[in-house]
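Report on one structure; see the data block that follows.
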Amino acid sequence: MLPYHAKEQPPRMTDQPVSIIVLGASGDLARKKIFPALFALYCQKHLPDRFHIVGFARTEMDQEEFRNKIIENLTCRYSPGESCGQRMEEFLARCEYFSGEYDSQDSFLSLGQRLSEIENHRETNRLFYMAIPPFVFLGVSRALKSAGLISPPGSNPWSRAVIEKPFGSDRDSSDKLVNEMAEVFAEDQTYRIDHYLGKEVVQNLMVLRFANLVFDPIWNRSYIDNIQITWMEDIGTEGRAGYFDQYGIIRDVMQNHLLQMMALVAMEPPISLNAQDVRDEKVKVLRAAPPLELKDLVVAQYTASNGHEGYLEEKGVPEGSIAPTFAAAVIQVKNRRWDGVPFLIRAGKGLDRKFAEIRIQFRPVPGNTFCDPGTVLDPNELVIRVQPDESVSYRIMNKVPGLEMDLKETDLNLSYQAAFEKEIPEAYESLILDVLEDDQSLFIRADELAAAWDIFTPALQQLERENVKPETYPFKSPGPEAANRLAQEYGVKWK
Ligand code: BG6
């Protein structure tokens with residue numbers, strides 16, 4: 001059967017020209033993610049016929065240098081073979097570089113002039129991608145506005161802004177940023193990106209839950225014992241210590257990537273796939289989660305081991321920093337569906353594995369005929385592997401073939417690689433396309449952001465106020481023992 005298109009296929013925007021302005025064009029994010037994603041969209045004919053890309057940053061660089069930097073990370077995934085080189089040339093011919101100061105109106109006035117020339121003085125949609133540190137968002141947005149580069153909300157041609165986390169560092173600073181940015185870009189023009197929402201398996205969560213009947217009746221506190229969401233990296237801060245130390249792992253990935261996955265697992269079915277309906281349900285479930293208490297949180301830092309320096313020894317980490325590189329937390333959702341089911345989430349860098357996974361652990365079978373009284377067989381588990389090796393598997397109890405009645409846990413396994421021929425898109429490809437098509441359902445709405453901060457802000461502030469020293473764990477280890485103790489308190493074992 002052909003794939004069923006749940007969303008109407010958007011018309012290709014061939015007659016609506018767009019300029020994509022990448023602010024922070026010389027940085028890592030732009031070079032490694034944004035330009036390759038734009039190229040992939042170009043190869044798949046998802047960009048309008050008349051598009052231009054302008055990279056803006058402070059670094060002085062000529063066009064050739066800029067294009068050489070971009071090409072380093074472009075891949076031929078969507079146009080293999082000889083035509084790829086030609087596609088790259090065509091794409092690069094549409095990219096140009098403009099250097100200027102982020103807080104200078106003059107720089108943006110000159111950028112505006114150049115844009116008008118590139119756009120042939122025709123009405124053109126404009127997408128501003130802010131791949132810049134958050135402390136310059138506001139200055140840049142104001143300068144863009146005062147240079148007259150932004151069209152008002154609801155107008156045609158449109159102006160839209162994509163901003164990258166961190167959106168503040170607690171509820172108050174996030175509210176302040178949201179309110180100040182709203183003076184320039186209305187909520188409808190603002191795309192707060194959380195790239196985990198663009199990952200293929202994360203996008204599948206709603207389909208899995210709401211397009212299949214089998215899970216729905218058991219997706220609640222009567223059948224589910226606990227939910228575990230794990231995110232691990234086996235590397236350190238990799239030259240990003242300056243950024244990382246200001247935020248720590250809770251703000252870097254837990255308050256956003258992990259919490260978003262949790263919201264998709266826990267939310268009620270939306271009445272439609274439209275952005276408002278989907279985000280309303282996410283906000284509701286996040287608001288049902290009371291603020292995390294310190295007793296339900298473990299924070300830790302990696303120490304030197306396996307030939308790798310400890311976090312505190314890394315260049316750029318201030319002496320005695322208490323920024324956690326690992327955190328484990330138990331979050332409760334106090335609503336009819338979930339009351340009493342612990343959501344265990346953990347995230348860490350410098351661990352012994354690199355993966356992201358969601359595990360739904362079901363309750364044991366009551367009065368199980370297959371085992372002696374007092375023995376509990378391992379319960380069913382639905383395991384959603386976000387990365388790497390994307391898969392969905394269901395652990396069931398099965399009879400081992402043979403003359404004996406032996407039981408064994410076995411996986412019903414849907415491996416993406418084996419089941420689907422299609423290339424799995426990068427999260428940024430999918431999300432940038434949504435921005436062009438004005439679909440905000442996978443972007444964080446202001447009230448959703450506020451609800452996410454409400455869960456973590458009190459604990460974060462208490463950790464800092466009381467200068468709580470993180471536990472330690474050796475680099476490339478499974479993490480601190482304290483995380484296991486926390487799980488045990490809820491009768492759970494991390495898998
Ligand atoms: C970013 C974090 O948001 O996500 C990084 O700031 C982290 O610390 C990265 O490494 C992980 O993204 P991915 O897509 O490689 O899992």
Side-chain angles (χ1 to χ4, degrees), residues 24 27-37 40 73 75 77 129-135 137 162-169 174 191-205 229-262 264 299-302 308 311 314 316-317 321 323-327 345-358 384-391 416 424-432 442-444 449 452-453 456 475-476 479:
D28 258 20
L29 176 67
R31 287 188 297 117
K32 294 190 180 147
K33 300 286 182 189
I34 317 298
F35 290 112
N73 294 293
T75 71
R77 277 160 53 232
Y129 200 114
M130 308 225 183
I132 45 181
F135 61 88
F137 285 166
V162 180
I163 58 173
E164 283 276 348
K165 66 161 194 56
F167 311 118
S169 53
S174 163
Y191 290 73
R192 293 182 199 89
I193 208 165
D194 180 319
H195 78 283
Y196 267 63
L197 290 179
K199 293 199 184 251
E200 191 58 47
V201 177
V202 177
Q203 290 197 50
N204 189 35
L205 284 171
I229 304 181
T230 299
W231 180 94
M232 290 189 176
E233 271 186 354
D234 54 2
I235 50 174
T237 60
E238 304 282 298
R240 289 167 78 228
Y243 152 82
F244 187 84
D245 198 77
Q246 280 179 46
Y247 292 95
I249 200 77
I250 300 177
R251 294 181 173 102
D252 186 39
V253 298
M254 222 178 212
Q255 180 269 356
N256 34 72
H257 306 332
L258 273 79
L259 202 61
Q260 282 299 321
M261 292 193 271
M262 185 185 130
L264 289 168
V299 287
Q301 249 176 17
Y302 57 78
H308 193 284
Y311 178 69
E314 277 181 30
V317 174
S321 163
T325 57
F326 174 98
I345 62 178
R346 65 180 162 161
K349 289 186 182 271
L351 294 165
D352 59 352
R353 296 165 67 191
K354 175 176 166 56
F355 74 107
E357 193 170 83
I358 302 166
I384 301 159
R385 172 57 77 96
V386 176
Q387 65 186 30
D389 306 326
E390 294 82 349
S391 67
Y416 274 49
I424 296 184
E426 279 283 322
Y428 280 93
E429 292 166 27
S430 168
L431 294 174
I432 294 175
L442 298 181
F443 294 82
I444 313 298
L449 180 61
W453 276 123
F456 288 101
F475 193 86
K476 287 252 187 233

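Fair warning: this is a prediction, and the values are worked out from it, not measured in the lab. Counting from 1, the numbers follow the sequence of the chain as shown. Counting convention: from 1, in listed order, for ligands and their atoms alike.
Between T325 and F244, some side-chain heavy-atom pair lies under the 4.5 Å cut-off. When side chains are defined from C-beta on, D194 does not count as touching F167, because their heavy atoms never get closer than 4.5 Å. At least one side-chain heavy atom of F443 sits less than 4.5 Å from a side-chain heavy atom of L431.
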* Asked: Going through the checks in order, is the side chain to side chain donor-acceptor pair (under 3.5 Å) test met by E314 and Y302?
  -> CA-CA 11 Å; E314 277 181 30; Y302 57 78; 2.5 Å; yes
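In this structure, the separation between CZ on R346 and OG1 on T230 is 3.5 Å, given to the nearest 0.5 Å.
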Pairs under 3.5 angstrom only: tabulate donor-acceptor contacts from the side chains of residues 347-355 to other protein residues two or more places apart or in another chain.
residue	atom	partner	partner atom	Å
K349	NZ	E233	OE1	2.8

Could you check ligand 1 for N or O atoms lying under 3.5 Å from protein N or O atoms and list the pairs with distances?
residue	atom	partner	partner atom	Å
ligand 1	3 (O)	K165	NZ	3.0
ligand 1	3 (O)	H257	NE2	2.7
ligand 1	6 (O)	K165	NZ	3.2
ligand 1	6 (O)	R240	NH2	3.0
ligand 1	6 (O)	D252	OD1	2.6
ligand 1	6 (O)	D252	OD2	3.4
ligand 1	8 (O)	R240	NH1	3.0
ligand 1	8 (O)	D252	OD2	2.6
ligand 1	8 (O)	K349	NZ	2.8
ligand 1	10 (O)	E233	OE1	3.3
ligand 1	10 (O)	E233	OE2	2.6
ligand 1	10 (O)	K349	NZ	3.3
ligand 1	12 (O)	H195	NE2	3.1
ligand 1	14 (O)	H195	NE2	2.8
ligand 1	14 (O)	K199	NZ	2.7
ligand 1	16 (O)	Y196	OH	2.4
ligand 1	16 (O)	Q387	NE2	2.8

